[in-house]
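Shown next, in structure tokens, is the structure this report addresses.
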Amino acid sequence: MFAIVDCNSFYASCERIFRPDLINVPIVVLSNNDGCVIALTSEAKKHGIKRGAAYFEIKELVRLKNITVFSSNYALYHSISERIMAILAEYTTNIEVYSIDEAWLDMNGLSDRYALACQIRKSILDWVKMPVSIGIAPTKTLAKVANKIGKNKPSGVCELCPKEYTDYILSNFDIADIWGIGRQLSKKLNIHGIYTAKQLSEASDRWVRKLYNVGLERTVRELRGEPCIDFETAPTPKTIIVSRMFGKKLYNQSEIGEALAKYCGHAATKLRKNHLVAKNMTIFIQATEGYGKNGNNYSCRYNFDNGTDSTIFLSQMAHRMLEQIFRPTKKYLRAGIMLDQLTFKDQTQYNLFNIAETPKQDKLMAVIDKINNKFGNDKIGLLSAGINREWKMKQEHLSPGVKGRVKLYH
DNA sequence: TCTGGGGTCCTAGGACCC
DNA sequence: TCTGGGGTCCTAGGACCC
């Protein structure tokens, strides 16, 4: 038995925690660079705004309807998320943090699951002021269905049980809302006359597999109540990507270099947090115009002799790689780095003849992490990541940082 | 003028090997 | 005159998720 705990309009609700005056007021939260809407409250939805809408297109509506706008404030959202996960951990040790605003709970062997879910929901609301919905079912896919139903219930909780009730729900559930089925697949299934979750659950495994792939077959089995997707306690990342649009177009190699150095810092911090090292790095820059197979994207890939988690080493490599792909006549919109071939630091094989890592550098990185943990991200970093940071993204509606705010719960 | 960022899984197709 | 077949590994691209 699985339960999925999902925060309602998470980013918008986070902003509301510190602004009780915004209860029942429509709120939208914008993507990095204030580009488009990534989260919105039900009140904002009523004005016809959709997730993904371009901000410049709804600006007038926002003004007319008095909708409150926030730039996304990830430091705040991560901090709230950690508090919620800590509350969940008080109820069960078997918890899989699935995303910043969602977690799976293992409910096997628990008797009154519905009452427990109501209790969890109340704790999170009382202590963090975050509204959540909880779905309970024998498979992850069904739990997601239940969660969606729970969002429209006053209790916020839905358990798919008994079978007649599940059948009733699935008969009225649009396939486009099923976890794992996106726009393309639902269109494809509609052509074959499949519109509801119930119809999809009755399709034959072989037919479904032939129509698309094993992933869809798993979804179908899960809809029938057969668990195919396991509980994963601490998934380790396989790739780490850091990429951002710039606040304005850049044509200067040194500014792009600064941005890349900063992204290397973020990526390396994430490596160290997960006790990983990377053996491979790709950097990419996106120009405003271009041609060829990859259009306006230019990238460069490099394999290290030894896995690394050093900000210094990664930044130096990124700098050299940028020299190879940078074209001076172009203007650039975005840059990014990707790390892959990640392995655990204590299991990695080093090249005997080229030991790049030194204990000294490890110590330095540990100190940097400690300082940034205590005083907030980016308090200390490499000079190569720049000080003025004119390329920094636009965030005109940012709420104050989380450090120094009132404690939310004891 | 202006449309995010970070991930996973699966498949097809090419290169290469014997 | 006739020119195989099976396997692996890698990469790119498509679909999905939050």
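Only heavy atoms go into these numbers, but all of them, side chains included; no hydrogens, no water, no symmetry mates. In the text below, chain A, chain B and the rest are named by the order of the sequence lines, each starting its count at 1.
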- For A:R19 and A:I17, indicate whether the former's side chain and the latter's backbone hold a donor-acceptor pair under 3.5 Å. no
- Message: At 4.0 Å (heavy atoms only), tell me whether A:I178 reaches a base, stays on the sugar-phosphate, or touches nothing.
- Response: sugar-phosphate
- Message: Closest-nucleotide mapping onto DNA chain B: is A:K249 or A:F246 further toward the 5' terminus? I mean the 5' end.
- Response: A:K249
- Message: Minimum heavy-atom separation for A:V208 and A:A203, please, with both atom names.
- Response: CG2-CB, 3.7 Å
- Message: Any side-chain to backbone donor/acceptor pair from A:T239 onto A:D340? Under 3.5 Å, distance only.
- Response: no
- Item | C:dC18 OP1/OP2 closer than 4.0 Å to side-chain N/O of A:K144 | yes
- Find the distance A:D101:CG to B:dG5:C1' and express it as a whole number of Å. 15 Å
- Item | A:N252 side-chain N/O to A:I256 backbone N/O, donor-acceptor pair under 3.5 Å | no
- So what stems show up for DNA chain B if we need 3 or more Watson-Crick or G-U pairs in a row, all under 3.5 Å? B:5-18 with C:5-18
- Which heavy-atom pair separates A:S171 from A:T196 by the least distance, and what is that distance? O-CG2, 3.3 Å
- Using a heavy-atom cut-off of under 4.0 Å over every strand shown, decide if A:Y98 touches base, sugar-phosphate, or nothing. sugar-phosphate
- Message: So for atom CZ, which belongs to A:R320, do other residues, nucleotides or ligands contribute more than 12 heavy atoms lying within a distance under 6.0 Å?
- Response: no
- Message: With rounding to the closest Å, how many angstrom separate the C1' atoms on B:dC16 and C:dG4?
- Response: 16 Å
- Message: Nearest whole Å is fine: how far is C:dA12 C1' from A:N297 CG?
- Response: 14 Å
- Message: Could you check whether A:S71 and A:D34, counting side-chain N and O atoms only, form a donor-acceptor pair closer than 3.5 Å?
- Response: yes
- Query: Atom CD of A:Q184 and atom P of C:dG14: how far apart are they, to the nearest Å?
  - Reply: 11 Å
- Query: Any idea how A:Y11 and A:Y77 line up, ring-wise: parallel (<30°), tilted (30 to 60°), or perpendicular (>60°)?
  - Reply: parallel
- Going 5' to 3' through nucleotides 6-11 of chain B and flagging B where a protein heavy-atom sits under 4.0 Å of the base, S where only the sugar-phosphate is that close, and - otherwise, we get SSSSSS
- Task: Return the minimal non-hydrogen interatomic distance between A:M321 and A:C300, and the atom names on each side.
- Result: CE-O, 3.2 Å
